[in-house]
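A short worksheet on the structure shown next.
Count residues from 1 along the sequence. Counting convention: from 1, in listed order, for ligands and their atoms alike. The figures here come from the full heavy-atom set of this structure, side chains too, leaving out hydrogens, waters and symmetry mates.
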Amino acid sequence: MDNRTETIAIHAGNLYQPSTHDITPPINLSTTFLRNEDGGYSGGHMYSRISNPNRNALEHTLTLLEGGQEACAFSSGNTAGMSIFQALPPGSHVIAPDDMYWGFKKQLQTIFNHILEFDFIDMTVIENISGFIKKNTALIWIETPSNPLLKVTDIVAVSEIARQYQLILACDSTFASPCLQQPITLGADIVMHSSTKYIGGHSDVLGGVLITAKKNACWEKIRNIQQTGGAVPSPFDCYLLSRSIKTLPYRMKGHNENAIALANYLEDHPAIERVYYPGLESHPQYKIARKQMKGFGGMLSVLVKGGADEAHKVVNKVHLFAQATSLGGVESLIEHRYSVEGPDSKTPQNLIRISAGLEHIDDLIADIDQALN
Ligand SMILES: *Cc1c(COP(=O)(O)O)cnc(C)c1O
């Protein structure tokens, strides 16, 4: 079988075979491509904003990893998501989660607030969702697991509501990566990733991607926004992402392992009030996470006993964890989330968000341990 995740990750991006028989596809920097006498483009490309070999390879791999029909790669996660909202008819109503990546919520509230209407609700209470659906509702946006509270949304349950009311269901699956959850196979119409995170995995490339379940009219609009709007990743960025995807399934296994060990350790620590990690049985949506995820991911948040001061002390005392925003890289990161999100944030002041990297788990625990004691 060559449709298993690890195998797709390594082979799907090797789309074309140059005469030099490269094992690794080269970076194709050409912005323009030769036209035939009959006016066609037998090489398959015309102009690199519209398509180029490295982007095609990346999009093809992600399509297969997510079990979708097609993918569009963008220059950032936020632009990927933005393209979905640009594709909605003006005046549409959108239901979005109360806990979601703040930079994306900021985009909705400061750029799309003039064009679209929003309700931000608790998506973990499925019974609530139908009550918010209006005549002009067009889209349900979910993010699971969510940032920074690691709330898990039941994708199958929400997709049934979306189908009943003929709404588009889009899922920001960044925290899960394509290896731990496949929202399309669970009923979502469009999956979004910030490929800056796990897909890139080395904190050195910015990118985003959408994968669709169906090539329908909405997707054609999104494809046009990508190709004509032009917020596309460079061939080099696409190369870096394709290179990173080869190790994604194994990196995710390591992230899962380290995060669960950190979560277990922190849950028992007297200086910690609460741990948010979907792989802990104490997590309110543990059962849903187990049902829809193949692993629980590398992200966890904790409440430090005390307040903002105690939380700041911990992030300033660690040595191995870098105090920085973002996530999904091979190196462990830690941050005081409230001060990143700013005064409008609903994130608890004593919350620390951890991106568990791939260092040895004993070193990570020893570092947190000395910072907490
Ligand atoms: C980082 C992130 C985004 C935004 O992606 P960028 O690549 O930074 O534009 C969106 N959603 C989630 C869950 C993220 O973590």
Problem set entry | Contact atoms of ligand 1, heavy-atom distance to Ser76 under 4.0 Å | 7 (O), 9 (O)
For this session: Please determine if Lys151 forms a cation-pi arrangement with Phe175, meaning its NZ or CZ atom is less than 6.0 Å from the six-membered ring centre and no more than 45° off the ring axis.
Result: no
Seminar exercise, completed: Within the 4.0 Å heavy-atom cut-off, what Thr79 brings close to ligand 1 is neither
Problem set entry | Identified side-chain hydrogen bond (donor to acceptor under 3.5 Å, both in side chains) counterpart of Glu341 within the set Thr347, Thr325, Asn147 | Thr347
Exercise. Looking only at atom types and distance, does a side-chain atom of Asn52 sit under 3.5 Å from a main-chain N or O of Arg55, one as donor and one as acceptor?
Worked result: yes
Problem set entry | Region of Thr196 engaging ligand 1 - heavy atom pairs below 4.0 Å | side chain
For this session: Run the contact test for Gly207 against ligand 1 with a 4.0 Å cut-off on heavy atoms, strictly below, and give the result.
Result: yes
For this session: Go through the structure and list residues passing ring pair (Phe, Tyr, Trp, His ring centres under 6.0 Å) with His283, not counting sequence neighbours.
Result: none
Problem set entry | Asn147 N/O to ligand 1 N/O under 3.5 Å | no
Problem set entry | Protein heavy-atom partner closest to atom 1 (C) of ligand 1 - residue, atom, separation in Å | Lys197 NZ, 1.4 Å
Seminar exercise, completed: Given the options Phe120, Phe118, Trp141, Phe104 meets ring pair (Phe, Tyr, Trp, His ring centres under 6.0 Å) only with Trp141
Exercise. Taking both backbone and side-chain atoms of Ser194, is any N or O found less than 3.5 Å from an N or O belonging to ligand 1?
Worked result: yes
For this session: Tell me yes or no: between the side chains of Gln69 and Thr63, is some donor less than 3.5 Å from an acceptor?
Result: no
Exercise. Looking only at atom types and distance, does a side-chain atom of Ser51 sit under 3.5 Å from a main-chain N or O of Tyr47, one as donor and one as acceptor?
Worked result: no
Exercise. Taking only heavy atoms of Asp172, which atoms of ligand 1 are found under 4.0 Å from at least one of them?
Worked result: 10 (C), 11 (N), 12 (C), 13 (C)
Exercise. Which ligand 1 atoms, with their elements, are less than 4.0 angstrom from a heavy-atom of Met192?
Worked result: 10 (C)
Exercise. Which one holds for Phe104 and ligand 1: side chain close, backbone close, both close, or neither close, with close meaning a heavy atom under 4.0 Å?
Worked result: neither
For this session: Say whether Glu310 and Gln349, considering side chains only, have a donor N or O and an acceptor N or O under 3.5 Å apart.
Result: no
For this session: Please could you name the atoms of ligand 1 that Leu327 approaches to less than 4.0 Å, counting only its heavy atoms?
Result: 15 (O)
Exercise. Closest non-hydrogen protein atom to atom 9 (O) of ligand 1, residue and atom name please, with distance?
Worked result: Asn78 N, 2.8 Å
For this session: Go through ligand 1 atom by atom and flag the ones less than 4.0 Å from a non-hydrogen atom of Gly77.
Result: 5 (O), 6 (P), 7 (O), 9 (O)
Exercise. Which is it for Glu143 and ligand 1 at heavy atoms under 4.0 Å: side chain, backbone, both or neither?
Worked result: side chain
Seminar exercise, completed: The closest protein heavy-atom partner of atom 10 (C) of ligand 1 is Tyr101 CD2, 3.4 Å
For this session: Is it possible for you to say whether Ile8 and Val209 belong to one hydrophobic cluster, with membership spreading through side-chain heavy-atom contacts below 4.5 Å?
Result: yes
Problem set entry | Arg49 side chain to Thr31 backbone, donor-acceptor under 3.5 Å | no
